[in-house]
Amino acid sequence: MHHRGSGHADQHRRRHRHRLHRRGCAVTVRTRFCPSPTGLVHVGVMRTALFNWAHARHTGGTFVFRVEDTDAARDSEQSYRHLLDSLRWLGLDWDEGPEVGGPHGPYRQSQRREVYRDVAARLLQAGHAYESFSTPEEVEARRRAAGQDPKLGYDNADRDLTDEQEAAYRAEGRQPVLRLRMPDADLAWTDLIRGDVRFAAGSVPDFVLVRGNGVPLYPFTNPVDDALMGITDVLRGEDLLSSTPRQLALYAALTDIGVAEGPPRFGHLPLVTGEGNRKLSKRDPESNFDVYRERGFLPEGLVNYLALLGWSIADDRDVFTPEELVRAFDVTRVSANPARFDVKKAEAINATHLRALPVEDFVARVVPFLARAGLVGDPPTAEQARVLRAIAPLVQERVVVLSDAVDLVRFLFTDEVEIDPAAAGRQLAGAEAAEVLDAATTALRELPGWTAPDVEAALKEALVDGLGRKLRQAFGPVRVAVTGRTVSPPLYESIELLGRDRTLARLAAARAAVPG
RNA sequence: GCCCCCAUCGUCUAGCGGUCCAGGACGCCGCCCUUUCAAGGCGGUAGCACGGGUUCGAACCCCGUUGGGGGCACCA
């Protein structure tokens, strides 16, 4: 009935965008990020945080961080701490919120019970909310008896209970929930991302604000806090789009009793999906934000990729810094299409940022990963720092994430190298390998100088000129002997940094391991 | 089942009625460079879901179909 093509939505959105900009200086934008601290941090959640942050920063507005810890059964302090840490690591600083403060605190819902109790009472008194005694079982039974689908939910049966009926329920010891009386009108708004959206009157039943035991629920606390904190722009996942009519109705009631000053603007961000176009769930391993950090993604690399999940900076470019994101971000240009989380692309974007780093910066960022692997101290010793600085440029362009560096430089920070069996099988198998190792040993043992060019000249003379080997065959066995792997930084530089003693020892060890 | 959202290369996107036999990126495939692996350079592969309108002209506007997704709790 209300189907419209995307183009229509675009038109509305564009009109709205102009309005946004014209009045941008009059009304300061206030966005918020309001996760609940339950378990793992989800990449989709961080994408939502990023867009709210970027929108606030772009418009010169305020970014509020609020924690929705109203579910005692699932929330944890550890998860809460982890959320703050993740946000800070990504570089998303908040202007108001936990550990920062602000004029609308406290910013943890668990500390705002009084606020909700008060607002609930006022809603009840004003007649916008009412007490409802029906149990879920009774509602379902009534639906079935009427030949309706129980999925329709609550039937608004308790809207106009008489005093006698109410008294009777109370006499039974029932604890009523508090429900919002939904208005008898269409609920519609102009979405910042999707244009006009409309839900027909009567399609959303009266919903629960406060449980029978007095605990307020998310559909209640969320808009109440948004209103009290002066939130102007709500950017959230599309999965919450169908709860927007309820928010709008609540907002109307809150506005009536003086708690709110009209509804905020809404922008429903496209879902982040995984394989098979399904919403990326917490079960999917790639949804875990921590693994990217642990693998050594750069915050700016991840910010870049996350921003690409629904937004683009230009038609010919997709690598940018957080500063460029803030400068260019326009929420009305966010795509309404679901976005598949593509680890490969995320890696490619990150690798580009990695390569663009000044060498000293790269070293500083990679040290924690090497230290954790036990290769260097943190901080590294002077000698370790010297070697690291020398090898860094060669490693930097060979890694996608920082942790990739561990295996590439390990041979430089151990006395004896452990040779990868598969590499040995390929390069240290026969008599030819033995010949190469012997010749290399002879050439390097008495070499006067020990720079990379010295090493290169000596090895080429001995192996290519001397033994008549092709470059490939000549250096394969040497590389595996020296680094333990078939993949390594460039050989001559590696040998220079390794030093003569360790190089000769490794050639000898590899020679001894050659069968026959 | 009901409500809502979405629809351009395999993936993410650009596209705002003519400049689009559709541009970029990732991926993939070649070639060049090359001591391995990368990086870099060059080239290639592949897309407007379908059907009707509107218009001189539609990837773009309208309607429908189909397909995909999300939501329908005293969770958030």
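Note that the structure is a prediction, hence the values are computed from the model and not measured. Proteins come first, then strands; the chains are lettered A, B, ... in the order of their sequence lines, and each starts at number 1. Only this structure's heavy atoms are used, side chains among them; waters, hydrogens and symmetry mates stay out.
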K.L.:
Check A/E131 with A/R174, please: is the shortest side-chain N to carboxylate O separation under 4.0 Å?
P.N.:
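Answer for the salt bridge query: no.
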K.L.:
Is it true that A/D206 and A/Y130 share a donor-acceptor pair across their side chains at a distance under 3.5 Å?
P.N.:
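Present: a donor and an acceptor within the cut-off.
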K.L.:
Sort and list the pairs that fulfil ring-ring contact (aromatic ring centres under 6.0 Å, His included) and have at least one residue in residues 474-496 of chain A, not counting sequence neighbours.
P.N.:
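Counting only pairs at least two positions apart or across chains, the ring-ring contact (aromatic ring centres under 6.0 Å, His included) contacts touching residues 474-496 of chain A are A/F475-A/Y492.
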K.L.:
Taking atom C1' in both B/G27 and B/G52, what distance in whole Å separates the two?
P.N.:
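Between the two C1' atoms, the distance is 37 Å.
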K.L.:
Relative to A/F51, does A/R47 satisfy both conditions: NZ or CZ under 6.0 angstrom from the six-membered ring centre, and within 45 degrees of the ring's axis?
P.N.:
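Yes.
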K.L.:
Name the nucleic acid region contacted by A/K344, choosing base, sugar-phosphate or nothing; use a 4.0 angstrom heavy-atom cut-off, strictly under.
P.N.:
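Sugar-phosphate contact only - A/K344 comes under 4.0 Å of backbone atoms but never of a base.
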K.L.:
In residues 470-479 of chain A, which residues come under 4.0 Å of RNA chain B by heavy atom?
P.N.:
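Correct list: A/L471, A/R472, A/F475, A/R479.
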K.L.:
Hey, are the side chains of A/R340 and A/E275 touching, using non-hydrogen atoms and a 4.5 Å cut-off?
P.N.:
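Yes, at least one pair of side-chain atoms sits under 4.5 Å.
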K.L.:
When rounded to the nearest Å, what value does the distance between P atoms of B/G17 and B/G40 take?
P.N.:
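Nearest-Å result for B/G17 against B/G40 at atom P: 37 Å.
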K.L.:
Classify A/Y492 by what it touches in the nucleic acid, base, sugar-phosphate, or nothing, heavy-atom distance under 4.0 Å.
P.N.:
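It contacts base atoms.
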K.L.:
Which nucleotide sits closest to the side chain of A/A348: B/U36, B/G71, B/C26?
P.N.:
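Comparing B/U36, B/G71, B/C26 against the side chain of A/A348, the answer is B/C26.
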K.L.:
Looking at B/C75, I'd like to know if its phosphate oxygens (OP1 or OP2) sit under 4.0 Å from a side-chain N or O belonging to A/R211.
P.N.:
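Checking A/R211 against B/C75: at least one side-chain N or O falls below 4.0 Å of OP1 or OP2.
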K.L.:
Considering only heavy atoms and no angle criterion, is a donor-acceptor pair shorter than 3.5 Å present between the side chain of A/R333 and the base of B/U13?
P.N.:
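No pair found.
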K.L.:
Do A/F220 and A/F207 have ring centroids that are under 6.0 Å from one another?
P.N.:
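No; A/F220 has its ring centre 6.0 Å or more from that of A/F207.
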K.L.:
Students often mix this up, so state it plainly: with edges at 30° and 60°, are the rings of A/F329 and A/W311 parallel, tilted or perpendicular?
P.N.:
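Geometry flag for A/W311 against A/F329: tilted rings.
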K.L.:
Does a side-chain N or O from A/N337 land closer than 4.0 Å to OP1 or OP2 of B/A7, or not?
P.N.:
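So the side chain of A/N337 is within the cut-off, an N or O lying under 4.0 Å from OP1 or OP2 of B/A7.
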K.L.:
For B/G69 and A/R278 - does any side-chain N or O of the residue sit under 4.0 Å from the phosphate oxygens OP1/OP2?
P.N.:
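Result: yes.
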K.L.:
When rounded to the nearest Å, what value does the distance between C1' atoms of B/A22 and B/A59 take?
P.N.:
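That atom pair is separated by 8 Å.
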K.L.:
If we call it a pair only when both distances are under 3.5 Å in a Watson-Crick or G-U wobble match, what pairs with B/U65?
P.N.:
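B/U65 is paired, partner B/A49.
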K.L.:
Identify, between A/R355 and A/W311, the residue whose nearest nucleotide on RNA chain B lies closer to the 5' end.
P.N.:
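With A/R355 and A/W311 compared, the 5'-side residue is A/W311.
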K.L.:
Looking for any heavy atom pair under 4.0 Å, which part of the strands does A/D149 touch: base, sugar-phosphate only, or nothing?
P.N.:
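Base contact.
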K.L.:
Do the side-chain N or O atoms of A/K279 get closer than 4.0 angstrom to the phosphate oxygens (OP1, OP2) of B/G71?
P.N.:
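Yes, such a contact exists.
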K.L.:
Verify the neighbour count for atom NZ of A/K282: are there more than 12 heavy atoms of other residues, nucleotides or ligands below 6.0 Å?
P.N.:
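Above 12, so yes.
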K.L.:
For a quick check of understanding: with a heavy-atom distance under 4.0 Å over all strands, which category does A/L491 fall into, base, sugar-phosphate or nothing?
P.N.:
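It contacts base atoms.
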K.L.:
Name the nucleic acid region contacted by A/S312, choosing base, sugar-phosphate or nothing; use a 4.0 angstrom heavy-atom cut-off, strictly under.
P.N.:
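Sugar-phosphate, no base atom in range.
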K.L.:
How would you label the contact of A/E238 with the nucleic acid (heavy atoms, under 4.0 Å): base, sugar-phosphate, or nothing?
P.N.:
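If one applies the 4.0 Å heavy-atom cut-off, A/E238 turns out to touch a base.
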K.L.:
Taking atom types as modelled, is there a side-chain donor on A/D196 or A/T190 under 3.5 Å from an acceptor on the other?
P.N.:
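Indeed, the side chains of A/D196 and A/T190 share at least one donor-acceptor pair under 3.5 Å.
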K.L.:
Side chain of A/E493, heavy atoms from C-beta onward: which of B/G70, B/C6, B/U35 has the nearest atom to it?
P.N.:
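Nucleotide nearest to A/E493's side chain: B/U35.
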K.L.:
Considering only the C1' atoms, how many Å lie between B/G64 and B/A7, rounded to the nearest integer?
P.N.:
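Between the two C1' atoms, the distance is 15 Å.
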K.L.:
Does A/L459 reach a base, just sugar-phosphate, or nothing at all? Heavy atoms under 4.0 Å.
P.N.:
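No contact at all - A/L459 keeps every heavy atom at 4.0 Å or more from the nucleic acid.
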K.L.:
Whether A/R317 contacts B/G23 is assessed here as follows: a side-chain N or O lying under 4.0 Å from the phosphate OP1 or OP2. Is that the case?
P.N.:
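Answer is no, no contact under 4.0 Å.
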K.L.:
B/C6 and B/C28: how far apart are their P atoms, nearest whole angstrom?
P.N.:
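The same atom, P, in both gives a distance of 33 Å.
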K.L.:
Quick one: which of B/G40, B/G71, B/U36 gets closest to the side chain of A/D239?
P.N.:
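That would be B/G71.
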K.L.:
Name the pairing partner of B/C33, where a pair is Watson-Crick or G-U wobble with both distances under 3.5 Å, or state none.
P.N.:
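Because no pair has both required distances under 3.5 Å, B/C33 counts as unpaired.
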K.L.:
For A/F65, give me all partners under ring pair (Phe, Tyr, Trp, His ring centres under 6.0 Å), at least two apart in sequence or on another chain.
P.N.:
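Scan of A/F65 (ring pair (Phe, Tyr, Trp, His ring centres under 6.0 Å), adjacent residues dropped) gives A/F33, A/W94.
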K.L.:
Measuring only the C1' atom in each nucleotide, how far is B/C37 from B/A14? A whole number of Å is fine.
P.N.:
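Rounded to whole Å, the distance is 34 Å.
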K.L.:
Do A/D225 and A/R32 meet the salt-bridge criterion of a basic N to acidic O distance under 4.0 Å?
P.N.:
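Salt bridge between A/R32 and A/D225, a charged N being under 4.0 Å from a carboxylate O: no.
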K.L.:
Any residue in residues 176-183 of chain A with a heavy atom nearer than 4.0 angstrom to RNA chain B? Just list them by number, or reply none.
P.N.:
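Output list: A/V177, A/R179.
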K.L.:
Roughly how many Å is it from CZ in A/R469 to P in B/U36, rounded to a whole number?
P.N.:
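Going from CZ in A/R469 over to P in B/U36 covers 17 Å.
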K.L.:
Over all strands shown, is A/T273 touching base, sugar-phosphate only, or nothing at heavy-atom distances under 4.0 angstrom?
P.N.:
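Since no nucleic acid heavy atom lies under 4.0 Å of A/T273, the category is nothing.
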K.L.:
For B/C50 versus B/U11, give the span between their P atoms, rounded off to a whole number of Å.
P.N.:
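Approximately 15 Å lies between the P atom of B/C50 and that of B/U11.
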K.L.:
Side chains of A/S134 and A/R142: donor-acceptor distance under 3.5 Å anywhere?
P.N.:
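The answer is yes; a qualifying pair exists.
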K.L.:
If we take the P atom in both B/C72 and B/C26, what is their distance in whole Å?
P.N.:
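After rounding to an integer number of Å, I get 38 Å for this pair.
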K.L.:
Base, sugar-phosphate or nothing for A/R74? Non-hydrogen atoms, less than 4.0 Å.
P.N.:
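Contact class for A/R74: base.
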K.L.:
Would A/T451 and A/D454 count as having a side-chain donor-acceptor pair, cut-off 3.5 Å?
P.N.:
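Short answer, yes.
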K.L.:
Choose from B/C4, B/C6, B/C37 the nucleotide whose nearest atom is closest to any side-chain atom of A/P338.
P.N.:
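Per side-chain heavy atoms of A/P338, the pick is B/C6.
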K.L.:
Is A/P490 touching bases, backbone alone, or none of the nucleic acid, heavy atoms closer than 4.0 Å?
P.N.:
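Since a base atom lies under 4.0 Å of A/P490, the category is base.
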K.L.:
Starting the side chain at C-beta, find the nucleotide from B/C4, B/A76, B/U36 nearest to A/T70.
P.N.:
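My answer, after comparing the listed nucleotides, is B/A76.
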K.L.:
Are the side chains of A/E435 and A/R469 in contact, using a 4.5 Å heavy-atom criterion?
P.N.:
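Of all side-chain heavy-atom pairs linking A/E435 with A/R469, at least one is under 4.5 Å.
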K.L.:
For A/S335 and B/U13, is the shortest distance between a side-chain N/O and OP1 or OP2 below 4.0 Å?
P.N.:
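Answer is yes, contact under 4.0 Å.
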K.L.:
B/C74, B/A38, B/A76: which one has an atom nearest the side-chain heavy atoms of A/R398?
P.N.:
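My answer, after comparing the listed nucleotides, is B/A38.
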K.L.:
Could you check whether the side chain of A/R194 and the base of B/C5 have a donor-acceptor pair of N or O atoms closer than 3.5 Å, going by distance alone?
P.N.:
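Looking at the base of B/C5, it does not pair with any donor or acceptor on the side chain of A/R194 (distance under 3.5 Å).
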K.L.:
Using a 3.5 Å cut-off and no angle test, enumerate the donor-acceptor pairs between side-chain atoms of residues 235-242 of chain A and protein atoms at least two apart in sequence or in another chain.
P.N.:
residue, atom, partner, partner atom, Å
A/R236, NH1, A/T244, OG1, 3.0
A/R236, NH1, A/H268, NE2, 3.2

K.L.:
Just call it for A/G153: base, sugar-phosphate, or nothing, with non-hydrogen atoms closer than 4.0 Å on any strand.
P.N.:
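Touches nothing.
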K.L.:
A/A336 side chain: which of B/C6, B/A76, B/C12 is closest?
P.N.:
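Of all the options, the side chain of A/A336 is nearest to B/C6.
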K.L.:
What is the pairing partner of B/A25, taking Watson-Crick or G-U wobble pairs with both distances under 3.5 Å in any strand?
P.N.:
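Checking every strand shown, B/A25 finds its partner in B/U11, with both distances under 3.5 Å.
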K.L.:
Of the nucleotides B/A76, B/C12, B/C74, which one has an atom closest to the side chain of A/A339?
P.N.:
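Between B/A76, B/C12, B/C74, the one nearest the side chain of A/A339 would be B/C12.
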K.L.:
Using a strict heavy-atom distance below 4.0 Å, which residues from residues 31-47 of chain A are in contact with RNA chain B?
P.N.:
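A/S36, in order of number.
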K.L.:
Between B/A38, B/G69, B/A76, which nucleotide has the shortest distance from any of its atoms to the side chain of A/P219?
P.N.:
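The listed nucleotide nearest to A/P219's side chain is B/A76.
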K.L.:
Looking at A/Q78, I'd like to know if its CD atom is crowded, meaning that more than 12 non-hydrogen atoms belonging to other residues, nucleotides or ligands lie closer than 6.0 Å.
P.N.:
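Result for CD/A/Q78: open.
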K.L.:
Using a cut-off of 4.0 Å on non-hydrogen atoms, how would the nucleic acid contact of A/P245 be classed: base, sugar-phosphate, or nothing?
P.N.:
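Counting heavy atoms under 4.0 Å across all strands, no contact is made by A/P245.
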